[in-house]
Amino acid sequence: MSKSNWARSVQKVLMAGAMTAAMGSSAFAAEAVKMGCVLPLSGGSAAVGNQTKVGVEIAAKQINDAGGIKSLDGAMLEVVFADSQSKPDVGVTETERVIARENVSVLCGAFNSAVTFPATEVAERMKTPWVVVGSVKDEITERDFKYIFRINNKATYDAREQIDAMDMLKDEFGSGPKTLAMLYEGSDWGRSHAANVKVIAAERGYEIVVDEAAPPNQTDFGNQLLKIRAAKPDAVIVALYTPDHLLFTRQMMEQRLDLPFGVHSVGGGMEDPAFYKALPPEAAFYAFVQEDWQIDILKVSTDPAILSADEATKAALGYGMSAYTAQGISAVYVIADALERAKSADREALRAALAETDIQSGPALVTGYNRIKFDEQGQNTFAHGVISQNIGGERKTMWPKENRAADSTPVWPVPAWSDR
Amino acid sequence: MDAFILSYAVVNGLLQGAIYGGVALGLSLIFGVLRVVNFAHGSFLMLSLYISFWCWSLFGMDPYLSALINIPAMFALGYMVQSVIIAPLIKRESAMVVEPLSALLLTAGVFLVMDNAALMAFGPDVRALQAGYYVPTIVVGGIPISGQRLIAALAAFAVAGGISYWLRHSDMGRAIRATAQNRDAAAMSGINVSSVYAMTFGLGCSVLGLFGALIAPFLPISPAIGLAFGIKSFIVVVLGGLGSISGAIVGGIVIGVFEAVASQFVTATSASIGSLVLFILILIFRPQGIMGRA
Amino acid sequence: MTSPVLETVGVRAGYGDIEILRGIDIVLPPKSIVALIGANGAGKTTLLKTISGLLPLRAGKIALNGEQIGGMMPHKVVEAGFVQSPEGKQLFPDMTIVENLMVGAHSKRARGRREETMEEVFELFPILHERAKQRAGTMSGGQQQMLAVGRALMALPRVLALDEPSLGLAPIMVSRLMDSIEKVRHRDLSILIIEQNIFQVLKMADHAYVLENGEITKQGSGSELLADPHLRSTYLGL
Amino acid sequence: MSEEILRVQGLSKWFGGLQAVKDVNFSMQRGEILGLIGPNGAGKTTAFNMIAGFLKPNSGSVHFAGKDMTGHKPWDVCRAGVARTFQLSKPFGDMNVVENLMVGGFARHTDRSRNEARAFEIAEFLGLGDRARSEAQSLTAFDRRKLELGRALCTEPQLLLMDEVVAGATPSEAEEMVQLVRKVRDRGVSILIVEHVMKVIMSLSDRVIVFDHGELIADGKPADVVSRPEVLKAYFGENYDIAGA
Amino acid sequence: MKTTIAAKSTRSGGLRLNQTTVLVTILLVLALAPIVVTDSFTLHSMIMVLFFAYMATSWNFVCGYVGQLSLGHAMFNGMGGYVSVLMFTQLGLSPWLGMLFGGVLAMVTAVLIGLPTFRLKGPYFTLTMIAFAEIVRIWIENTNEFAGIPLKGAEGLIVPNRGDDFWAFQFSTKLPYYYIILSFLAVALVATAWMERSKLGFCLKAIRGDRDAAEALGVNPTFYTSLAFAISAFMTAIGGSFYAQFFRYINPERSMGLELSIDMAVMSIIGGQGTVLGPLLGAAILTPIAEIARGEFGGGLLGLHLVVYGLALMLCVLYFPKGAIEPIRKLCLRYFGGNER
């Protein structure tokens, strides 16, 4: 892994050099369309940023290999990556750089809401369209901005869907949780998710008996697990990033903590492929995961672009597509679609085209949505998460019910550790 | 809160606290002898975790077995950091007491370089030793105890005891203690002070080599893990008494049990604020720590 | 004339940009006691530190039994046989007496004979034997001074340097210590002693140097200097 | 002329089990140079530090110009008019001579240009005029001592406490320092001086007090004091009585 | 004997005349720079350099001159930001006034923290400051509301857009921000230059040089260090307000985190702590390194700039204890002559 990272970096330097040389000497057939991509490539969320980056690269390559943007005489897509380091100020600076210096036509990113929020403001001010990837903070598409579009869920949707799934299972099986524990990472994402869950859970008559935030990079979850054990909730809602989610899950297994209605994760660690590489499969059995794409889409999809994207992801990262990779892919295809319709790399034209987006098929829907169409605030109203349950090591879609495969039946309530 | 949960919390706290203590041992030892606060302490642990990971992932080596590689590797690295980076500083300021602040800055530099070089080399992905590797959980009085954590906790006691015994009863150990107490007098007794310094630094780091191998089986590994343990180690050794071997273990257990019990009453976040407050109070009112002599 | 055990020629040393020793020549014949006297700050301790290798030698030569030891690392100097019992209470306060003594015999040459040497030291200072397990820091000033000398002896010195052994001691302890030092000289050992308590030390010294401002201003046998009215005036201003 | 500037009463200090200063009483008149002598470890520096506010006495009192200064902090003692020098001179190494002196001036005046002018004046007075802009760490040991004295003078003291001013100085330097101290006294500053070099003490002091093992064992004119048996014994040990005295 | 590295690392007074000339020249060039630089990104980058220069200068005001290493200054940065933003959003108070309140809060905190901690030596002080800052950060991150004030925890605070409004501290172009941070920096530099020559500066340098000797010369170390610490905290808080207004967003992780504290200290130390221009130089060297590392490698070599920071820090401690400004000063002396002092 280390080797490939180094190799890639070196390659990049060489490529940059070659490119400068090429630009000096010859003109391109059609001028490439530059798109900026601001992601946390170092810092706390670097792993996620990297997976998204791979998705963006794969999609751009697929489009370019297929002849580029046809309405622009086969113009190539050129992606300029910028590292936000998960820091708002760096993200903003990088956004400025990519817009002013690299002169990109469109931007995407930036995963961390803390970065996306101020960075999209720069884009709005500089009249450059931005396709939000991964950030769920509601306010991002509630500011009457004209240039900001979001394909994925808002945070409040995530919380509602989790509770929806519980309600659905309750109806289906006649039993369900009454008391809930919440364990979440103590930064922006985890905390805002918890706040949303609290509101919706109260509305639907669930009682929150443990409400526990954990600072990132814990070395032990024993104390939190014990607290959950003492409070005896029926289920736990978890919002943790990969390292903490791993530790939590491992310790939960070690400590044989039984919850009748299981673990409901809102993604984070449990949608990271690295998570499943690092644990014995039984550790995550019966866990519910809410993801921003449909994990078993590869089974249903026949789209060659999606299938080859999975192969390409495996080649680049050593594991298959994740929600992050998928979102990266989706964003690029949405942008390409807009470019085709705009017939121009001009920012205004592109903005107009994006606003008109209505995708109902193709690789842009790798995320499992059946449509992508933005409302006047730029939010994709067709966005939804998909909740799967881990059955025998495989995540099988359970919610929405219409996405459920024929052979998928939820296990509800979940068996105790001693019965597994 | 019932007695079962309380005793469960204490067991958890003891296990985790002993591991904190074990990880902090080297920091305390190095400070006790060289008067250098090694800001890069956590980075050495991080590197050691990675060595264990790579040994397992590339060669399928048992993580506990990889201690045989980790310990000498970390010893060599520590020895080198001392003799190449810190020794010139000590030499330059040989006419005076080693200036703790410049040494802190140097090790802060080492921290920045190590953590970020690891990020460059290994990438930001979280890694963990996989699935198959598993020591069973034992259940005592209804309380499940992770086998891997138990091994690491027992090792902390063993290593602390071993180092204390070795410091007391071996020639090199006595030389290290003598150097810690009076550098010039040690030199006048025929002790090669610079080699003692390098040995001590190496030893302190090799303890991290061992613990890297012991906690790799249950801890997710990322370049950022070092700082988490590093800050914890500072708290632990200040609490126990900088420079005291038994103090590191005692400090670790105090913090471990404090956090475990406190987080049953308040949130874990408030408990961690509590341990920071404790840390500040100790520094201000009892800078020698619990076990240190006034 | 027998060749000297220790000889310094034109030794210069100091701290930072301040030169404290401005060319010191001293000679120690075998089995002799040589005293170095002079006011505070005259450079006596600096000279010992320079010979020990704790301070860099800026110019000059230091020979021990004909071997050049100038500029060596301190532990090498000890290995060569020049051992200093430092001024004040430079012990290892948290270690026991036995441990202090064992550390004294850390050098390779001395380690092999450690047990025997310790017996000899105990014979010389029985009090150390009685308190073998006591922590050095808890002993009285006189006992600490004995331990300091004992620890230096553990290194099997060829030249033993004593820096103000009587500092801060009650007169009775000083006499006892001086007696012990007298005993030590009968072993195959030369002693270089720094003292403020000049009368006692001059009585026992074979030869003495008077150090002023980093220079040797006077030298002679102990009795010669004792009889020197000038010395008295330097010390008392009379 | 007989105004009392310093009175020390029943001053005692313990360090752990060791009593470093035992019930010491003495006083000083304005304009006097008082020598404080005694063998190493006699408690001179401890007493000195208690007067200057660096150590808190266990018992006893220190009155300066009629005011009780016992246990006051060093900066308060300084502002009350008592300045001190250190045995190991402590110049502020990376400041130059004038700047070092100005620190002293700021103890009393905030006006920078006044302090600077005054600092140059003192530098001249010390014979450091030509090195006024040199970094303190580049000075010779003796110049550093003079600088330390000058810094103390800049605080405009009424009483100056001096610790071992000629240690390590050549005879000519020692002579220069003696002259300097006399000139300081002529400016109306009273001086308490701790010194090892007897020649200096004898020629400078109006009066001498002797410490041994923490106790004050003699008080009187220099010539008288040094001929007292207890003083000789303290200095030279038991068998001080030798020929040629 | 207790001289710190800082003690050795600095020169006082400086090239008195020359320093003023250099200072004025630099400020003039910076003030005129926007005539040439019209590109918004370059201007943005320059604002970031000036911002970090300002932060490092604020840090240097106490830490550089007293020779203590504070790795908790980000706490004051956060306070300034939070107070000004909250006063603006909750009370409608102009950030220009709000930042003063933030500064005062930071000052009071600094005094309360400084009194017990400033007598701690070396690493003990550093660790205590880290702990204080972490407490504040963790507390804010986990507090959605405190006494009716919506702190919004880790989510951070958003400054509502008011368009081009001077009193709201909001401008549609970069230029006003550039001149604001430039004037802040100018004030900070002039304040440092003034402090260096005033009683306060002499006292601080004396404390750093030798605490005992300083005390003997009438300097009450607690008083002067607390005073300088309070001023430094005030300046840092003003910087925090600027940050919050400039990005119109502030969150505890970034604005109170250890990394920002390390940035401030490292820039100051590498440039030359305890000098007027050192921190400016440090920021001018290091900020672009980070930018270039990011720009050139686009995240390909993650953390490269921090490796460079670390190496530069080690080199400086070992070989240029007086910071990068020292060799430059010597060169200037050689080529342009002038008094050593």
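Each chain gets a letter, A, B and so on, in the order its sequence line appears, and its residues count up from 1.
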Chain B contact via A/D244 - side chain, backbone, both or neither, heavy atoms under 4.5 Å
neither
Check each atom of A/Q251 against the heavy atoms of chain B and say whether the ones under 4.5 Å are side chain, backbone, both or neither.
side chain
Would you compute the distance between atom [atom1] of [X] and atom [atom2] of [Y] and round it to the nearest 0.5 angstrom?
{"X": "A/L247", "Y": "B/I225", "atom1": "CG", "atom2": "CD1", "result": "8.0 Å"}
{"X": "A/Q218", "Y": "B/K232", "atom1": "CD", "atom2": "NZ", "result": "7.5 Å"}
{"X": "B/S270", "Y": "A/E212", "atom1": "OG", "atom2": "CD", "result": "8.0 Å"}

Could you pull out all donor-acceptor pairs under 3.5 Å where a side-chain atom in residues 3-11 of chain B meets a protein atom, sequence neighbours excluded?
residue, atom, partner, partner atom, Å
B/S7, OG, B/A3, O, 2.9
B/S7, OG, B/F4, O, 2.9
B/Y8, OH, A/R229, NH2, 3.4
B/Y8, OH, A/Q255, OE1, 2.8

Minimum side-chain heavy-atom gap A/E254-B/Q148 below 4.5 Å:
yes
Under a 4.5 Å cut-off applied to non-hydrogen side-chain atoms, are B/R149 and A/D220 in contact?
yes
Quick check: closest heavy atoms across [X] and [Y], and the distance to 0.1 Å?
{"X": "B/T267", "Y": "A/D211", "value": "CG2-O, 4.1 Å"}
{"X": "B/P220", "Y": "A/P243", "value": "CG-O, 3.0 Å"}
{"X": "B/N12", "Y": "A/G222", "value": "ND2-O, 3.2 Å"}

Which one wins on heavy-atom pair count under 4.5 Å against chain A: B/S146, B/G13, B/A228?
B/S146
Is the backbone N or O of [Y] less than 3.5 Å from a side-chain atom of [X], with the two atoms forming a donor-acceptor pair by type?
{"X": "B/T269", "Y": "A/A214", "result": "no"}
{"X": "A/N223", "Y": "B/S263", "result": "no"}
{"X": "A/K227", "Y": "B/V266", "result": "yes"}

Would you list the atom pairs, donor with acceptor, under 3.5 Å between side chains in residues 20-30 of chain B and any protein atom, with sequence neighbours excluded?
residue, atom, partner, partner atom, Å
B/Y20, OH, A/T219, OG1, 3.2
B/S28, OG, B/G243, N, 2.9
B/S28, OG, B/S244, N, 3.1
B/S28, OG, B/S244, O, 3.0

Find the one option among A/A213, A/A274, A/A231 whose heavy-atom pairs under 4.5 Å with chain B are most numerous.
A/A213
